[in-house]
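Right, one structure below, let's go through it.
First listed ligand is number 1; within each ligand, the first listed atom is number 1.
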Amino acid sequence: MKIRVAKKILEANDRIALLNRERFKKAGVFVVNIMSAPGAGKTSLLEKTISRINGKLRAGVIEGDIVGTEDAERLEKLGIPVVQINTQGACHLDANMISEVLDDLPLNDLDMLFIENVGNLVCPAEFNVGEDIKVMLLSITEGDDKPSKYPLMFKESSALILNKIDLAPYLDVNIERIKRDSLKINPELKIFEVSCKKEEGIDDWVSWVIDLRDKGMKR
Ligand code: MG
Ligand code: ZN
């Protein structure tokens with residue numbers, strides 16, 4: 001596994017994001033930027049997602065963490081290319097960090113690239129990295145006030161995945177409120193209810209994202 005340390009951001013983010021985007025397009029890779037708070041289950045979702053995609057499509061992962069390689073090690077077990085970015089303090093990934101690791105991935109051999117952003121509900125939504133879509137993962141244990149408190153994440157995402165839905169009977173969380181408030185911010189948002197632990201709802205999300213990729217590649 002290669003570990004890259006993020007360098008100082010010298011260039012404007014969006015210009016680099018556009019260059020990344022061109023590289024992804026040329027390589028025929030559909031790129032999904034996954035954002036959530038720490039502990040919502042991004043790595044678990046990727047494990048479940050990639051194990052379903054494997055054999056149909058070739059997936060790769062860019063793993064973003066402030067320090068450490070634990071999540072990347074979990075995903076490498078799926079037999080896919082994984083690159084770790086350690087941001088050394090930065091609480092989000094930016095286009096420049098992504099650009100610096102692209103040579104470490106066999107882009108031309110990939111169909112889908114998942115970017116696991118740093119766990120944070122604020123700034124990951126502010127930085128385009130050249131992705132096709134942003135996807136937000138929210139654990140229902142985080143409460144039903146998150147759409148109203150962190151609207152940008154919901155606004156920028158194409159899909160909202162509500163994880164740990166199996167815990168609903170033990171929580172006071174109002175799932176209908178999460179959905180209603182999210183759709184108020186972003187009427188286009190596609191919402192999935194999943195339990196990575198119980199393997200519930202994963203297939204719906206996976207076929208949706210594969211479908212979106214197929215449509216995007218024909219464009
Ligand atoms: Mg993780
Ligand atoms: Zn940040």
Answer whether the closest heavy-atom distance between the side chains of Met153 and Glu156 falls below 4.5 Å. no
Using side-chain heavy atoms (C-beta onward) and a distance below 4.5 Å, is Thr49 in contact with Phe114? yes
In Asp71, the N, O or S atom nearest to the Mg ion (ligand 1) is which? OD2
Taking the N/O/S atoms of His92 one by one, which is nearest to the Zn ion (ligand 2)? ND1
Should the pair Phe127 and His92 be assigned to parallel (<30°), tilted (30 to 60°) or perpendicular (>60°) ring geometry? parallel
Heavy-atom count around Glu126 CD within 6.0 Å, excluding the residue itself: above 12? yes
Please name the atom of Glu116, limited to N, O or S, that comes nearest to the Mg ion (ligand 1). OE2
